[in-house]
J.: 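I have a structure here, written as structure tokens, and I will follow up with some questions on it.
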Amino acid sequence: MKDWMFGPFQKLQEPVLEPTDSLKFHCPINDRLEHWAHTGVYNPAAVVRDKKLHIVYRADGESLGGKDDFGCERVTCRIGHAQSEDGVHFKPSAEPVVFPDQDAFEPYEWWGGCQDMHVIEGEDGRYYMNYDGWSGLYSGPGFGECGAQPIMDVLLSATSDDMVHWKKEGVAINPQWTNFLNHSRSGVVLCRENGDKLTAVKLHGKYWMYLSFRGWLESSDDLIHWDPVLDSQGRMKCLFPQYPQYPYCNLACEAGAAAILTEQGIVYFFNGLGRFGEKEIWSVGQALISPDDLLTVLDVAETPLLEPEYNWEKIGHCPAYATVCNTIVKWNGKWRLYYGGADRVIGCAEECH
């Protein structure tokens, strides 16, 4: 491994959190009791607070019947919370902490739900979440391409003081940029190591976020409201106009665990998609980005940091094999990755030397 890279990491052999029917919740839109973590729990975001490890995670509820446009079982996603004293055994909260409701955000969140969140701690000690509100449908080209309608999935913001009680702040992208709403998912905020935690950092006077499959760039003054960074032709600037020609990531490089400002540059974690024969596989990669312009890719790992290995990383809710990681956290002095396995369970990998 090169000196700028994080790792290597050793996986635990079993998931740390799995679907359950023990969690029930009265859906305010369906007006019925639902097993809200029935189909899958995955793609968590983690922070350490009060000497406990807290995660928020995507939870897929009961089947709604039929398949969605990705070939997966139709479900509604909600965001759950769990905490742990040892980083391995988690106690989930009884009800989801962010979910579709009869509010101003229902058009974005129902029926697909709230999913694929990232959380960063601000310098003020608050927690800032961005998450994907998904209508349950899918359209063609959208975010970064400009203009696909109707809105099918869009990045939303929420804030919390304790990781449990969240306030929905609304659409993350400022209203003058409506052409760039669709598929504005999966946002990773630039951060730095601050003791044993990661906190958002301003660079060149702004906060910065990388979005979705190509690492589209946005800026903010408050970690809630974001503006696209455009080129001279009105298109969004991004890290990967062309994907790296490594087999594990030549189809997508979705914003992943973090973008960490280090002495060597910005270490950008991404979820890479590649095709191997008839099978698509999601793996975890990392790249080094120049802090001067936040866009020049200096280096990309030739092989993934994590890739599907166990059956529970291959067989689940999605047809692809998948290790998808949206978070990295320091626990007891070592970096840990908490990741989704096959869109069904949560796995853990710990730094090893």
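Model, not experiment: these values are computed from the prediction.
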J.: Under a 3.5 Å distance rule, please check whether D101 uses its side chain to pair with a backbone N or O of D103 as donor and acceptor.
T.: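 No, the answer is negative, given that no donor and acceptor are paired below the 3.5 Å cut-off.
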J.: Check I328, L53, L17 against Y338 for a side chain to side chain contact (heavy atoms under 4.5 Å, CB included) and give me the one that passes.
T.: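 That would be L53; it is the only one of I328, L53, L17 passing the side chain to side chain contact (heavy atoms under 4.5 Å, CB included) with Y338.
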J.: Run V171 and V154 through side chain to side chain contact (heavy atoms under 4.5 Å, CB included) and show every step you take.
T.: CA-CA 7 Å; V171 175; V154 60; 4.1 Å; yes
J.: Does the side chain of N326 pick up a donor-acceptor pair with the side chain of N43 at under 3.5 Å?
T.: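 Note: N326 and N43 side chains miss the donor-acceptor criterion.
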J.: Go through the steps to decide whether Y131 and E109 satisfy the test side chain to side chain donor-acceptor pair (under 3.5 Å), and finish with yes or no.
T.: CA-CA 10 Å; Y131 67 97; E109 298 175 353; 2.7 Å; yes
J.: What verdict does the side chain to side chain donor-acceptor pair (under 3.5 Å) test give for H35 and D21, after you've listed the backbone C-alpha separation in whole Å, the side-chain angles of each residue and the deciding distance to 0.1 Å?
T.: CA-CA 6 Å; H35 298 90; D21 280 339; 4.7 Å; no
J.: Would M129 and L156 show up in the same hydrophobic cluster when neighbours are defined by side-chain heavy atoms closer than 4.5 Å?
T.: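 Yes.
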J.: Distance-only, no hydrogens or angles: does the D231 side chain make a donor-acceptor pair with backbone N or O of G234 under 3.5 Å?
T.: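 Confirmed, D231 side chain pairs with G234 backbone.
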J.: Return each pair, listed once, that meets ring-ring contact (aromatic ring centres under 6.0 Å, His included) where at least one residue sits in residues 311-334; pairs must be two or more places apart or across chains.
T.: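 Applying ring-ring contact (aromatic ring centres under 6.0 Å, His included) to every pair that reaches into residues 311-334, excluding sequence neighbours, yields Y310-W312.
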J.: If you group Ile, Leu, Val, Met, Phe, Trp and Tyr by side-chain heavy-atom gaps below 4.5 Å, do L190 and L211 land in one group?
T.: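 No, because L190 and L211 fall into different hydrophobic clusters, even though each may have its own neighbours under 4.5 Å.
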J.: Short question: side chain of N182, backbone of M152 - any donor-acceptor pair under 3.5 Å?
T.: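 Yes; at least one donor-acceptor contact below 3.5 Å.
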J.: Could you check whether any side-chain heavy atom of P19 comes within less than 4.5 Å of a side-chain heavy atom of V345, counting everything from C-beta outward?
T.: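 The answer is yes; the side chains approach within 4.5 Å.
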J.: Looking at side-chain heavy atoms only, is the closest gap between V297 and L288 below 4.5 Å?
T.: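 No, too far: nothing below the 4.5 Å cut-off.
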J.: State yes or no: do W226 and V201 share one hydrophobic cluster built from I, L, V, M, F, W and Y residues joined by side-chain heavy-atom distances below 4.5 Å, directly or via other members?
T.: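 Looking at the clustering, V201 is in a separate group from W226.
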J.: Just checking, is any N or O donor in the side chain of W177 or D227 under 3.5 Å from an acceptor N or O on the other one?
T.: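 Yes, because at least one side-chain N or O of W177 sits under 3.5 Å from a partner of the opposite role on D227.
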J.: Does the distance from a Lys or Arg side-chain N to an Asp or Glu carboxylate O, for E34 and R78, drop under 4.0 Å?
T.: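 Yes, E34 and R78 are salt-bridged.
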J.: Just verifying a value: how many Å separate S290 OG and Q264 CD, rounded to the nearest 0.5 Å?
T.: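 Atom-to-atom, S290:OG and Q264:CD are 13.0 Å apart.
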J.: Look up atom CE in M117 and atom SG in C77, then write down how far apart they are to the nearest 0.5 Å.
T.: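 Reported to 0.5 Å precision, the distance equals 9.0 Å.
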J.: Does E218 reach the side chain of M236, with side-chain heavy atoms less than 4.5 Å apart?
T.: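 With C-beta onward as the side chain, the pair touches.
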J.: Taking R214 for its side chain and F240 for its backbone only, find out whether a donor-acceptor pair lies under 3.5 Å.
T.: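 Side chain of R214 to backbone of F240: a pair is present.
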J.: Show the numbers, then the answer: is there a side chain to side chain contact (heavy atoms under 4.5 Å, CB included) between T323 and N271?
T.: CA-CA 8 Å; T323 49; N271 296 310; over 6 Å; no
J.: Same cluster for F213 and M209 if Ile/Leu/Val/Met/Phe/Trp/Tyr side chains link at under 4.5 Å?
T.: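 Per the 4.5 Å side-chain linkage, F213 and M209 are not co-clustered.
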J.: Which heavy atom in W36 sits nearest to a heavy atom in S93, and how many Å separate them?
T.: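 Distance-wise, the nearest heavy atoms are CZ2-O, 3.6 Å.
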J.: Are V48 and V329 close enough that some pair of their side-chain heavy atoms sits under 4.5 Å apart?
T.: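 A side-chain contact under 4.5 Å exists here.
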J.: Is a donor on one side and an acceptor on the other found under 3.5 Å between the side chain of S160 and the backbone of H165?
T.: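 Confirmed, S160 side chain pairs with H165 backbone.
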J.: Any sub-3.5 Å donor-acceptor pair from T76's side-chain atoms to G113's backbone N or O?
T.: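 Side chain of T76 to backbone of G113, a donor-acceptor pair under 3.5 Å: no, none is there.
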J.: Determine whether F270 and E254 make a side-chain contact, defined as any pair of heavy atoms from C-beta on separated by less than 4.5 Å.
T.: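 When only atoms from C-beta onward are counted, E254 and F270 do not touch, as no gap falls below 4.5 Å.
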J.: Applying side chain to side chain contact (heavy atoms under 4.5 Å, CB included), run through I281 and L273 and close with a yes or a no.
T.: CA-CA 6 Å; I281 298 178; L273 179 64; 5.9 Å; no
J.: Pairs under 3.5 angstrom only: tabulate donor-acceptor contacts from the side chains of residues 241-249 to other protein residues two or more places apart or in another chain.
T.:
from, atom 1, to, atom 2, distance (Å)
Q245, NE2, Y243, O, 2.9
Y248, OH, A301, O, 2.7

J.: List for me each residue that meets side-chain contact (heavy atoms from CB on, under 4.5 Å) alongside D161, sequence neighbours excluded, and say none if there are none.
T.: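 In terms of side-chain contact (heavy atoms from CB on, under 4.5 Å), with neighbours along the sequence ignored, D161 is linked to R126.
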J.: So L337 and C325, do their side chains get closer than 4.5 Å, heavy atoms only?
T.: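 A side-chain contact exists here, since the closest heavy-atom pair is under 4.5 Å.
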J.: Counting N and O atoms only, with roles assigned by atom type, does the side chain of S184 sit under 3.5 Å from a partner on the main chain of L155, one being a donor and the other an acceptor?
T.: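 Between the backbone of L155 and the side chain of S184 there is a qualifying donor-acceptor contact (under 3.5 Å).
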J.: Which value, rounded to the nearest 0.5 Å, describes the distance between C348 atom SG and R336 atom CZ?
T.: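 Reported value, rounded in 0.5 Å steps: 4.5 Å.
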J.: Judged by modelled atom types alone, do H183 and D153 share a side-chain donor-acceptor pair under 3.5 Å?
T.: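 Yes, a side-chain donor-acceptor pair sits under 3.5 Å.
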J.: Any side-chain donor-acceptor pair under 3.5 Å between E123 and Y207?
T.: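 Looking only at side-chain atoms, Y207 and E123 do form a donor-acceptor pair, the distance falling under 3.5 Å.
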J.: Counting distance only, does the side-chain N/O of W110 pair as donor-acceptor with the main-chain N or O of Y108 below 3.5 Å?
T.: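 No, W110 side chain to Y108 backbone: no donor-acceptor pair under 3.5 Å.
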J.: Hydrophobic cluster membership, with links at side-chain heavy-atom distances under 4.5 Å among I/L/V/M/F/W/Y: are L306 and W335 in one?
T.: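 Same cluster: L306 reaches W335 through Ile, Leu, Val, Met, Phe, Trp or Tyr contacts under 4.5 Å.
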J.: Listing request: all side-chain hydrogen bond (donor to acceptor under 3.5 Å, both in side chains) pairs with a residue in residues 274-287, at least two apart in sequence or in separate chains.
T.: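 Residue pairs passing side-chain hydrogen bond (donor to acceptor under 3.5 Å, both in side chains), neighbours aside: R275-E280.
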J.: Between CD1 of I266 and CG of L203, what distance do you get to the nearest 0.5 Å?
T.: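 So the CD1 of I266 and the CG of L203 are separated by 6.0 Å.
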J.: Applying side chain to side chain contact (heavy atoms under 4.5 Å, CB included), run through W216 and K237 and close with a yes or a no.
T.: CA-CA 6 Å; W216 285 294; K237 294 183 177 181; over 6 Å; no
J.: Are K330 and E351 ion-paired here, with the side-chain N under 4.0 Å from a carboxylate O?
T.: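 No salt bridge links K330 with E351.
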J.: Less than 3.5 Å apart, any donor N or O on the side chain of Y127 or D162 sitting next to an acceptor on the other?
T.: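 No - no donor-acceptor pair under 3.5 Å links their side chains.
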J.: Is it the case that the side chain of S84 and the backbone of H89 share a donor-acceptor pair, with hydrogens and angles ignored and the cut-off at 3.5 Å?
T.: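 Such a contact is found between S84 side chain and H89 backbone.
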J.: In Å, rounded to the nearest 0.5 Å, how long is the span from CZ of F99 to CH2 of W166?
T.: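 These two atoms lie 14.0 Å from each other.
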J.: Do the side chains of K197 and E121 get close enough for a salt bridge, i.e. N-O under 4.0 angstrom?
T.: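 Yes, this pair counts.
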J.: Would Y268 and Y210 count as a close aromatic pair, with their ring centres under 6.0 Å?
T.: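 Y268 vs Y210: aromatic centres under 6.0 Å.
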J.: Could you go through H225 and N174, starting from their C-alpha distance and side-chain angles, then the distance that decides it, and tell me whether this counts as side chain to side chain donor-acceptor pair (under 3.5 Å)?
T.: CA-CA 6 Å; H225 306 94; N174 280 320; 5.0 Å; no
J.: Going from CZ on R58 to CG on D343, what distance comes out if it is rounded to the nearest 0.5 angstrom?
T.: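 Answer for the CZ-CG pair, R58 versus D343, is 6.0 Å.
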J.: Looking only at non-hydrogen atoms, find the nearest pair between A46 and T327 and report the distance.
T.: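 Closest approach of A46 to T327: N-OG1, 2.9 Å.
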J.: Are the side chains of T178 and I173 in contact, using a 4.5 Å heavy-atom criterion?
T.: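 Result no, sub-4.5 Å side-chain heavy-atom pair not found.
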J.: List the residues meeting salt bridge (charged side-chain N to carboxylate O under 4.0 Å, His left out) with K2, not counting sequence neighbours, and say none if there are none.
T.: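 K2 satisfies salt bridge (charged side-chain N to carboxylate O under 4.0 Å, His left out) with D299 once adjacent residues are dropped.
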J.: H81: what forms a ring-ring contact (aromatic ring centres under 6.0 Å, His included) with it, not counting sequence neighbours?
T.: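 Partners of H81 by the ring-ring contact (aromatic ring centres under 6.0 Å, His included) criterion, ordered by chain and then number, come out as H54.
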J.: Could you check whether any side-chain N or O of E313 sits under 3.5 Å from a backbone N or O of E309, counting only pairs where one atom can act as donor and the other as acceptor?
T.: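 Side chain of E313 to backbone of E309: a pair is present.
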J.: For residues F269 and A257, report the shortest heavy-atom separation together with the two atoms involved.
T.: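 Looking at all heavy atoms of both residues, the shortest contact is CB-N, 3.6 Å.
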J.: Salt bridge check: are K314 and E307 linked by an N-O gap of less than 4.0 Å?
T.: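 Salt bridge absent between K314 and E307.
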